[in-house]
**Q** 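One structure coming up, written as structure tokens, with questions to follow.
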Amino acid sequence: MPARQRPRRSFRGQLAMSRTRVMVLGPGWVAGEHIKGYCRDPRAELVAVVGFRPEDAARCEAYRREFGFAGRYYDNLPQALAESGAQAASVCTINHMHFANAVAAAEAGLHVFCEKPLALTEEQLDTLVETAARRQVVTHVGHVVRWYSAIAALKRKVEAGLFGRLYYGEADYFHQYLGDWKTKAATGGSTWLMGGIHALDLLLHFMGYDAPVAEVYGVWQPAQWRTDFDYETASCAILRFADGRIGKVATDAESNLPYTFRLHLHGTKGGIHQALYHTHDLPPKQWARQEGHYPDDWHVAEHPFPAEISYFLDCIQRGSDSELSFARAAKAYHLLFAIERSARTGRPVKFARN
Ligand SMILES: NC(=O)c1ccc[n+]([C@@H]2O[C@H](COP(=O)([O-])OP(=O)(O)OC[C@H]3O[C@@H](n4cnc5c(N)ncnc54)[C@H](O)[C@@H]3O)[C@@H](O)[C@H]2O)c1
């Protein structure tokens with residue numbers, strides 16, 4: 001993983017080479033991948049699983065049988081925080097619960113891996129960043145796409161200058177969400193918070209995460225064929241970077257296509273189209289294929305969560321912040337909220353929270 005680490009800061013609870021005691025919150029679908037990652041990594045010990053609904057106890061036991069761990073099941077988060085001795089937490093509850101769960105864990109002094117989306121509002125975002133800084137905990141937001149081996153390899157090629165300067169970029173995330181909480185703004189947030197954030201984060205990652213964005217323009221439309229969404233489902237946004245470069249991101253929550261993750265980048269010496277790339281070193285009409293795993297499947301078992309969890313444990317044990325700490329990930333979420341403001345008002349929105 002090409003880790004762009006922030007300068008070393010002082011984080012609490014650094015335990016060089018000892019096992020990190022971990023709790024997982026919300027033993028649902030994605031939590032299984034977190035539990036698998038912790039159980040397979042010798043640097044972690046799963047000491048607690050915290051459920052929020054009656055069926056979570058049985059799900060925890062199913063994961064216990066599958067992956068094998070001794071940690072206790074709790075149905076009460078304050079009790080788990082007080083009694084389990086956990087030093088880190090993975091927040092795998094549904095979107096509208098992330099804020100309360102992540103703040104509670106960080107306030108208790110735990111390092112926090114929060115699944116996406118980090119927050120549903122700008123106010124929540126600011127509180128999460130402030131809490132993490134004040135409690136000096138390592139934080140990480142689950143933008144797992146960066147950990148696909150083909151994506152990481154392409155990013156290394158960009159950093160090595162293979163494509164020259166990237167001057168135009170597109171990233172799209174098209175998927176269809178099934179399930180009650182995913183289609184309602186109160187629990188899922190929005191089409192951007194549900195999945196579009198993956199495309200937005202990746203576009204920034206490739207175009208230069210620290211490159212200031214000057215302005216965004218977003219449009220969206222209501223669901224066209226499903227009746228269960230109470231938020232706009234298809235959306236597209238243009239980003240103008242302060243240096244004049246252009247980005248485009250799009251997402252759709254009721255896509256009828258197989259899972260589609262598009263990455264398309266133009267550079268002064270070549271470019272990238274999904275897992276294909278072209279450089280001036282190749283014959284004019286020839287693409288090269290990037291080896292490795294490119295995002296091509298909706299199922300969480302196909303996502304590189306173990307690699308991402310291993311990275312989170314690295315950060316804890318090194319005592320260094322994640323390249324997707326709450327503070328750093330906040331930029332993508334501020335942009336997301338600016339896109340939504342633009343889509344709501346029909347006007348471009350100047351962006352300053354770089
Ligand atoms: N990084 C990724 O690619 C990725 C992939 C899938 C899911 N996710 C994220 O992971 C999180 C969990 O998703 P999931 O599909 O595993 O969720 P899920 O439906 O399996 O639920 C997870 C847990 O949330 C709690 N929960 C669910 N519905 C609830 C309700 N109505 N009231 C109270 N508690 C409830 C339960 O504890 C449950 O075990 C979401 O935030 C999702 O966005 C991320």
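Whatever order the structure lists them in is the order used to number ligands and atoms, beginning at 1. What's counted below: heavy atoms across the whole structure, side chains too, no hydrogens, waters or symmetry copies.
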**Q** Heavy-atom contact check, 4.0 Å cutoff: does Arg59 meet ligand 1?
**A** yes

**Q** Tyr311 and His143: aromatic ring centres closer than 6.0 Å?
**A** no

**Q** Does an N or O from Val30, backbone or side chain, lie closer than 3.5 Å to an N or O of ligand 1?
**A** yes

**Q** Look only at interatomic distance and state if His98 has a nitrogen or oxygen under 3.5 Å from any nitrogen or oxygen of ligand 1.
**A** yes

**Q** Kindly compute the distance separating CH2 (Trp287) from CD (Gln274), expressed to the nearest 0.5 Å.
**A** 9.5 Å

**Q** Please list the nearest protein heavy atom to atom 36 (C) of ligand 1 with its residue and the distance rounded to 0.1 Å.
**A** Asp56 OD2, 3.2 Å

**Q** Considering only protein heavy atoms, which is closest to atom 15 (O) of ligand 1, and at what distance to one decimal place?
**A** Trp29 CE3, 3.5 Å

**Q** Just need the protein heavy atom nearest to atom 27 (C) of ligand 1, so name the residue and atom and give the distance.
**A** Ile94 CG2, 3.3 Å

**Q** Under 4.0 Å from a heavy atom of Met97: give me the atoms of ligand 1 that qualify, with their elements.
**A** 33 (C), 34 (N), 35 (C)

**Q** Any side-chain donor paired with an acceptor under 3.5 Å for Trp220 and Thr191?
**A** no

**Q** To check your reading of the model: name the closest protein heavy atom to atom 22 (C) of ligand 1, its residue, and the distance in Å.
**A** Cys92 O, 3.5 Å

**Q** Can you name the salt bridge (charged side-chain N to carboxylate O under 4.0 Å, His left out) partners of Asp201, sequence neighbours left out?
**A** Arg146

**Q** So, for Phe261 and His198, is the gap between ring centers shorter than 6.0 Å?
**A** no

**Q** Which residue owns the protein heavy atom closest to atom 4 (C) of ligand 1, what's the atom, and how far is it?
**A** Glu115 OE1, 3.8 Å

**Q** Give the numbers and elements of all ligand 1 atoms closer than 4.0 Å to a heavy atom of Gly142.
**A** 1 (N)

**Q** Picking from Thr139, Asp210, Asp321, what satisfies side chain to side chain donor-acceptor pair (under 3.5 Å) with Arg328?
**A** Asp210

**Q** If the cut-off is 4.0 Å to any non-hydrogen atom of Val144, which atoms of ligand 1 fall inside it?
**A** 1 (N), 3 (O)

**Q** Ion pair present between Lys155 and Glu159, side-chain N to carboxylate O less than 4.0 angstrom?
**A** yes

**Q** What distance separates Phe113 CZ from His140 NE2, expressed to the nearest 0.5 Å?
**A** 4.0 Å

**Q** With heavy atoms of Phe305 as the reference, note each atom of ligand 1 found under 4.0 Å away.
**A** 1 (N), 2 (C), 3 (O)

**Q** May I ask you to list the atoms of ligand 1 that are less than 4.0 angstrom from any heavy atom of Phe52?
**A** 37 (O)

**Q** May I ask you to check whether His299 and Trp29 place their ring centers less than 6.0 Å from one another?
**A** yes

**Q** What protein heavy atom lies closest to atom 31 (N) of ligand 1? Include the residue and the distance to one decimal.
**A** Arg53 NH1, 3.8 Å

**Q** Going by distance alone, is a donor N or O of one side chain under 3.5 Å from an acceptor N or O of the other, for His111 and Gln87?
**A** no

**Q** Using a 4.0 Å heavy-atom threshold (strictly under), name the region of Val300 that reaches ligand 1: side chain, backbone, both or neither.
**A** side chain

**Q** Quick one: does Gly51 get an N or O within less than 3.5 Å of an N or O on ligand 1?
**A** no

**Q** Among protein heavy atoms, which sits nearest to atom 3 (O) of ligand 1, and what does the distance come to when rounded to 0.1 Å?
**A** His198 NE2, 3.3 Å

**Q** Hey, could you give me the CE/CZ distance between Met194 and Phe229, rounded to the nearest 0.5 Å?
**A** 8.0 Å

**Q** To the nearest 0.1 Å, how far is atom 11 (C) of ligand 1 from its closest protein heavy atom, and which atom is that?
**A** Thr93 O, 3.2 Å

